[in-house]
Each structure stands twice: as structure tokens, then as C-alpha cells.
Amino acid sequence: MGTISSSVAVVIPCYRVRKSILPLLSRIPASVSAIYVVDDCCPENSGQYVKDNIADPRVTVLFNAQNMGVGGAVMAGYRAAIDDGMDVLVKMDGDGQMDPELLPAFVTPILQGEADYTKGNRFFDTETMHSMPAMRMIGNIGLSFLTKMSSGYWNLFDPTNGYTAIHANVAAVLPLGKISQRYFFESDILFRLNTIRAVVMDIPMYAKYEDEESNLAIRQQLSVFLAGNIRNTLKRIYYNYFIRNFNFASIELVSGLLMVAFGITFGSDAWLRSYRDASFASAGTVMLAAMPIIIGFQLLLGFFNFDANNIPVSPLHKRLYADARRLTRSKNRERPATENSQDTSA
């Protein structure tokens, strides 16, 4: 697979992983230059346990002042790695499910300029899917479809897979403070990546389940995932097709929704009047209700076909040099405070 860059960092959020964290750290390749262990107010004091038992100079233990959830812990690790000048940030869970030997598969596409973000896909090999618990498999299938809609990455699967890697320059332009801090983190970051047109790649991998215990309460989080994906779907469509761009797909969406709404409203009213008067609707009335629905549905299919093919293909981290906003931000930071106050008073 090739060698890993000397500026690759591993971020490990820690919560109730005391029994698995040390074996995991011992298996991380020597070619990784930095490891950030983020103790998210772990009741088992995993962070202090690492500090007391690991002498690896690559390991930095961070402590969140309050429990932020897996997303909040990862964001803390990302910020530290970015500040330290790392190039690629790999996120692994501390429960031992993710094999450190797979690191090159996640990092290489980013280093070769093929992707901005890579994530694992445990569904690629159907022959080995039997190792995944049935409830997780069913849940992932449903969540995958919802996340396809909310993120716009229709080519991806297994959105809750936590084995990921991201280019540091891309992570730096993400609104880290707005990304979901809890279990919706993996799905939400895909939505954020699409809004900045980052290239995301699935990495086929085997699922590994032993005696680890998940902290995810599926029933409690179901409504969170459903509401979050619906919200992100609406926001993504609004951002991508009406704010940052307006094209024929935008017209298809608006026209399709209006025609379907008119057909359903007119048809429902005509049916109620016919039922009330005990009469049959004329052929013209039926056609006037049916045709807008049929045409509108075809327009909506056209929109979704465009959306499914509107997947980013040019890696963002190779195009950031052309982002003029960086120059504006730089000038604003260099402007003296007195000048800012004078401008305001004027």
C-alpha cells in the first residue's frame, strides 16, 4: 500500500474504553507521527490511565471539561492536530473494532490527491456481512438511504462507520463548531462536506465485532437521526440549488412540487364534491387532476436524477489555493483595532 506520510495523526475519542485502549495504541503503526487520545469525561478515567501506562512520545492526551459526545471529542482532536500542522487526520474508536493495520488504505487516497475524506464501508463484501449483528445491519441500511439524501453522496454506504480520514486543510474549513457532537456526527459531517464540495470515498473493509459494548441507545437516537437527516436534506437542497447555485434542476424541483401539489389539491377537492353530490367527475376533471401529478412526478424524478449525479469529483484540498476568502480573512486579522473602530464610528 506504500508508506504513510510523516504528518498523519490519529484521533481517538475515549469513553468507557479502559480495557481496550492500551492494546489499540500498541498496534498503531510507527509511521504515524501523532496520536490524540481525547478523554470525553470518561467515567473510567481512560485518559489518565493512558498517561500512566503509555510512554509513547507520539501520544497526547486531551481532556474535555464536560462530556461532548463522540463528535465533540473528535472535533477537539481535529483542532489539536490542525494546530500542530498535521496533514491527514484519521479517526478511530477506542473500543478496538477498527484495525490500525488498515490505516494506509484510508490515508493513501488522500495523500495521492484522489479524495478529501475517506470512510469505511462494511457492506462492500456480501460474503462477510454475516458477522454484523442483524439489528446493526438493518439500522445501517435505513440510515444509509436517509444519509444519501441528506448528504448528497448517493454513491456512499454505511454512513455510521466511524473509521475515517480527512485532509487537515479540508477539516480546517469545516464549521467544526456546528457539526453534531453526539452520535449523529458521522452523518452530519458528510452533509457539511457536501456543502463545501469535498470528495468522499468509501473504503471497503471487514466488520469486526467481539466483546465490545456500544454506548449507542438505538431507540433513544432514532428520532435524532430521523430529524437530523430530514433537516439536513432540506438545508442541502436550499444551499446547493437556490443559494450557491440555480440551474435547471432547481426549476425541475420547484415546478414538480407545484404541479404535484396542485394535482393533489384539485383532485381531492373534486373527489369530495363528487362524493357529496353522489355524481361522477367528468373526464376533463380527472385529467386536470392527474396530468399535473404525472408531469410533476416526472420533473421530480429528473431533479433527483441530476442530484444523484451531482457528486463532487475534484478534491477540495487541491483547489483551496484558489479560495480568495482566505486573503480577506488574512487582511481582517492584520488590520489594527483602531482602524476597525474608526470604520465603525464612521
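These numbers were taken from a predicted model, which means no experiment stands behind them. What's counted below: heavy atoms across the whole structure, side chains too, no hydrogens, waters or symmetry copies.
- Under the 4.5 Å side-chain criterion, counting only non-hydrogen atoms from C-beta, F184 is in contact with N229.
- With hydrogens and angles left out, the side-chain atoms of N194 and N240 include a donor and acceptor closer than 3.5 Å.
- Evaluation of the side-chain hydrogen bond (donor to acceptor under 3.5 Å, both in side chains) test over residues 260-269, restricted to residues two or more places apart or in two chains, returns D269-R273.
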Handout entry: Audit row: K318, D116, salt bridge (Lys or Arg N to Asp or Glu O under 4.0 Å) steps and yes/no
Key = CA-CA 9 Å; K318 298 172 65 176; D116 297 304; over 6 Å; no
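- A distance of 11.5 Å separates CG of N64 from SG of C42, quoted to the nearest 0.5 Å.
- Sorted by first and then second residue, the salt bridge (Lys or Arg N to Asp or Glu O under 4.0 Å) pairs involving residues 296-316 (not counting sequence neighbours) are R236-D307.
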Practice task
Go through L193 and L174 one step at a time and tell me if the side-chain contact (heavy atoms from CB on, under 4.5 Å) criterion holds.
Solution key: CA-CA 7 Å; L193 287 166; L174 283 174; 4.0 Å; yes
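- The distance from atom CD1 of I237 to atom NZ of K235, rounded to the nearest 0.5 Å, is 13.0 Å.
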Exercise for the section: Dump the intermediate steps for side-chain contact (heavy atoms from CB on, under 4.5 Å) on I189 and Y117, then the final yes or no. Expected result: CA-CA 10 Å; I189 197 171; Y117 183 87; 3.6 Å; yes
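- In the hydrophobic clustering, where aliphatic and aromatic side chains (Ile, Leu, Val, Met, Phe, Trp, Tyr) are joined below 4.5 Å either directly or transitively, F297 groups with L301.
- Hydrophobic cluster membership of M68, counting Ile, Leu, Val, Met, Phe, Trp and Tyr whose side-chain heavy atoms lie under 4.5 Å apart directly or via other members: none, as it forms a cluster of its own.
- Around atom CZ of F242, more than 12 heavy atoms belonging to other residues, nucleotides or ligands sit under 6.0 Å away.
- With sequence neighbours excluded, the residues satisfying side chain to side chain contact (heavy atoms under 4.5 Å, CB included) with T118 are F106, P109, I110, A115, A165, M201, I203.
- In this structure, F280 has no ring-ring contact (aromatic ring centres under 6.0 Å, His included) partners at least two apart in sequence or on a different chain.
- Applying the side-chain hydrogen bond (donor to acceptor under 3.5 Å, both in side chains) test to residues at least two apart or on different chains, the pairs with a partner in residues 65-84 are Y36-D84, D40-N67, N67-R182.
- For the residue pair S150 and N232, no side-chain donor N or O sits within less than 3.5 Å of a side-chain acceptor on the partner.
- Within the structure, side-chain hydrogen bond (donor to acceptor under 3.5 Å, both in side chains) contacts touching residues 283-301 (residues at least two apart or in different chains) are S282-T285.
- Membership of the apolar cluster around F262 extends to F266, L288, as traced through chained side-chain contacts below 4.5 Å between ILVMFWY residues.
- D39 is not listed as a side-chain neighbour of L62, based on a closest heavy-atom distance of 4.5 Å or more.
- With sequence neighbours excluded, no residue forms a side chain to side chain contact (heavy atoms under 4.5 Å, CB included) with P57.
- The CZ atom of F303 lies 8.5 Å from the CG atom of L300; values are rounded to the nearest 0.5 Å.
- The environment of Q48 atom CD is dense: over 12 non-hydrogen atoms of other residues, nucleotides or ligands sit within 6.0 angstrom.
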Handout entry: Stepwise side-chain contact (heavy atoms from CB on, under 4.5 Å) test for F225 and L146
Key = CA-CA 9 Å; F225 276 79; L146 287 175; 5.9 Å; no
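- A search for salt bridge (Lys or Arg N to Asp or Glu O under 4.0 Å) contacts involving R58 returns D56, not counting sequence neighbours.
- We find that D158 and K119 are not joined by a salt bridge, their nearest charged nitrogen and carboxylate oxygen being 4.0 Å or further apart.
- Taking the charged nitrogens against the carboxylate oxygens, E186 and K91 do have a contact shorter than 4.0 Å, which makes a salt bridge.
- For residues 249-262, every residue pair satisfying the side-chain hydrogen bond (donor to acceptor under 3.5 Å, both in side chains) rule, not counting sequence neighbours, is listed here: N247-S250.
- H317 and H167 have parallel rings, their planes meeting at less than 30° on a 0 to 90° scale where 60° marks the start of perpendicular.
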